[in-house]
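Letters go in sequence order (proteins before strands), and every chain restarts at 1. In this text the structure is predicted, and so the values were computed from the model without any measurement.
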Protein chains: 2
Amino acid sequence: MLTKKQLDLLEFIQKRVKRDGVPPSFDEMKTALNLRSKSGIHRLITALEERGFIRRLAHRARAIEIVRLPESLGGEPTTGFVPRVIRGDRPASIPANADPVTIQAVELPVMGRIAAGVPIEAISQVSHQVAVPAQMLSSSGEHYALEVKGDSMIDAGINDGDVVVIRETSVADSGDIVVALVKDHEATLKRLMRRGSAIALEAANPAYETRVYPQEQVKVQGRLVGLIRTY
Amino acid sequence: MLTKKQLDLLEFIQKRVKRDGVPPSFDEMKTALNLRSKSGIHRLITALEERGFIRRLAHRARAIEIVRLPESLGGEPTTGFVPRVIRGDRPASIPANADPVTIQAVELPVMGRIAAGVPIEAISQVSHQVAVPAQMLSSSGEHYALEVKGDSMIDAGINDGDVVVIRETSVADSGDIVVALVKDHEATLKRLMRRGSAIALEAANPAYETRVYPQEQVKVQGRLVGLIRTY
DNA sequence: TGACCAATGTTGACCAAGAAGCAACTGGAT
DNA sequence: ATCCAGTTGCTTCTTGGTCAACATTGGTCA
């Protein structure tokens, strides 16, 4: 699947991530492979992405993540699968030899529906499972999915009926779209904005008002990391 | 299942991958099988792919991956059903009888980017792969993915950078969002509306004008069936 | 026996991809 | 505003994959 150069580069990236926890920059890779120009690295990276070994964020520094490894580097034999979080009330493990083909995806439980003002109970039980591309998930962390109800986020391109993928976390930056638990009462999907010591939860729809709460009343339960829509 | 030659080739590829970590090139295979021409290899490779033993990216150097082995080479006896093949190259269909513990997903090739007025060449080569939930696909039909460029469909909740899943078809109802080829020139993602014998292609953004064409100038190439967004 | 087909072998032309280098450009971060 | 990382265009050379055309061999079947 990979040419020698591509394999070399992948191997180097892997070592670096293991050693430093941070992927190398283009310049570092250039040096490691004894090249005189970064553009060669760029091409190799593109090839690796195309072949599904890494995923990356374009135009971002060191935004490379290894998604899978070829067998020769100790990756699962192709009958395997990159095990990732599978939560919910299902057996935690992924069938080891599930499939002759590697599929870069994970099943997540859909925990219910969410909107402005949905009772928290709604996000407590699994209604069904969805498969999501592995690239969507962080390599660590727990994820789950919710079905969006209502149009409160349409201006952010989140429609009624969409399935959103949430990474569980209690921290969020201003501007992130989060699942927030307000006054231990209701869970909503909103854009979180910090206003001094208060927190504003903005809908992405002029028809809904932004509501501002003191910090203690808002608990972040997760951050939006992906969206899946079926027509 | 396999002819002698096909088996020989498969065996050779396997050895090489094991030894070098890199699949052999056509030339190397040619030499190994004592042929004087690469085209014989080409045929054998095609046959192996057809039979589901290897997976490959067309037109890419050494882009071969062994998916399974016949029993004679130590492969597991296949459990009976046909592989839930997920070919990098436009999966033909969703496996009908997929194993219940298997991930319900399929890898689709992302064929490029699409927007208002993108040259058709853009949708011709694989840039990378995405996994999409099987629920999103029709049980029959070919699917592929495109990355959306631009904001011409924002009011339909389709943002810049989203990946749209397209089912290949040449028919569409009024109101469907389709990939349309206009005057054999440009491929665009638009909402198709029939106006008598003419066809209107509407953007979902007031900033873009609806354009109306005679039927002959618009060819539907596929219909939007899903959307995947990663934040 | 002859028609036919599948698998294979071969040639040669053709073009695309891989690899490398240099330089200019862009976009974030500080 | 400057630095750094990544992106892109362009050139050159090498390697690698595709395809049409034609030939050979061995089986199947009327």
Report task. Check side-chain contact (heavy atoms from CB on, under 4.5 Å) between K4(A) and all other residues, then give those that pass, not counting sequence neighbours. Result -> D8(A), V22(B)
When you compare the protein's N or O atoms with those of nucleotides 24-29 of chain D, which come within less than 3.5 Å of each other, and at what distance?
none

Requested in this report: Mind listing the residues from residues 32-44 of chain A sitting with a heavy atom below 4.0 Å of DNA chain C? Number order is fine.
Outcome: L35(A), R36(A), S37(A), S39(A), R43(A), L44(A)
Quick one: side chains of residues 36-43 of chain A, donor-acceptor pairs under 3.5 Å with protein atoms, not counting sequence neighbours, listed by atom name and distance.
from: S37(A); atom 1: OG; to: S39(A); atom 2: N; distance (Å): 3.1
from: S37(A); atom 1: OG; to: S39(A); atom 2: OG; distance (Å): 3.0

Query - Those residues that, when tested against K219(A), pass side-chain contact (heavy atoms from CB on, under 4.5 Å) (two or more places apart) - result: L181(A), D184(A)
Query raised in the report: Does dG16(D) have OP1 or OP2 sitting under 4.0 Å from an N or O in the side chain of R60(B)?
Result: no
Query raised in the report: What's the CZ-P distance between R16(B) and dG16(D), to the nearest Å?
Result: 11 Å
Query raised in the report: Rounded to the nearest Å, what distance is computed from the CD atom of residue E28(B) to the C1' atom of nucleotide dT14(D)?
Result: 14 Å
Query raised in the report: So which nucleotide from dG16(D), dA19(C), dT8(C) ends up closest to the side chain of Q6(A)?
Result: dA19(C)
**Report entry** Atom-pair distance (CG on L48(A); P on dA19(C)), nearest Å
**Finding:** 10 Å
Query raised in the report: E49(A) has an atom CD; how far is it from atom P of dA17(C), in whole Å?
Result: 17 Å
Report task. Would you kindly give the CZ-to-C1' distance between F26(B) and dT18(D), to the nearest whole Å? Result -> 8 Å
Query raised in the report: With sequence neighbours left out, what residues match N205(B) under side-chain contact (heavy atoms from CB on, under 4.5 Å)?
Result: D151(B), I154(B), A207(B), Y208(B)
**Report entry** With D176(A) via side chain to side chain donor-acceptor pair (under 3.5 Å) - residues at least two apart
**Finding:** none
Query raised in the report: Taking any strand in view, what nucleotide pairs with dA23(D) in a Watson-Crick or G-U wobble way, both distances under 3.5 Å?
Result: dT8(C)
Query - Distance, rounded to the nearest Å, where L7(A) contributes CG and dA19(C) contributes P - result: 11 Å
Report summary line: Applying side chain to side chain donor-acceptor pair (under 3.5 Å) to N159(A) and not counting sequence neighbours gives none
Query raised in the report: salt bridge (Lys or Arg N to Asp or Glu O under 4.0 Å): which pairs involve residues 26-35 of chain B, sequence neighbours left out?
Result: R16(B)-E28(B), D27(B)-K30(B), E28(B)-R62(B)
Below 3.5 Å between N/O atoms, which protein atoms pair up with nucleotides 4-6 of chain C? Just atom names and distances, please.
none

Report summary line: Applying side chain to side chain donor-acceptor pair (under 3.5 Å) to T31(A) and not counting sequence neighbours gives none
Requested in this report: Find the distance K30(B):NZ to dT15(D):P and express it as a whole number of Å.
Outcome: 13 Å
Query raised in the report: So, are R223(A) and E168(A) salt-bridged, with charged N and O less than 4.0 Å apart?
Result: no
Query raised in the report: Excluding sequence neighbours, so at least two apart, what forms side chain to side chain donor-acceptor pair (under 3.5 Å) with T169(A)?
Result: none
**Report entry** Heavy-atom pair with the smallest gap, counting every atom of V17(A) and P23(A)
**Finding:** CG2-CA, 3.9 Å
Query raised in the report: Please give, in whole Å, the distance from dT18(D) P to I45(B) CD1?
Result: 9 Å
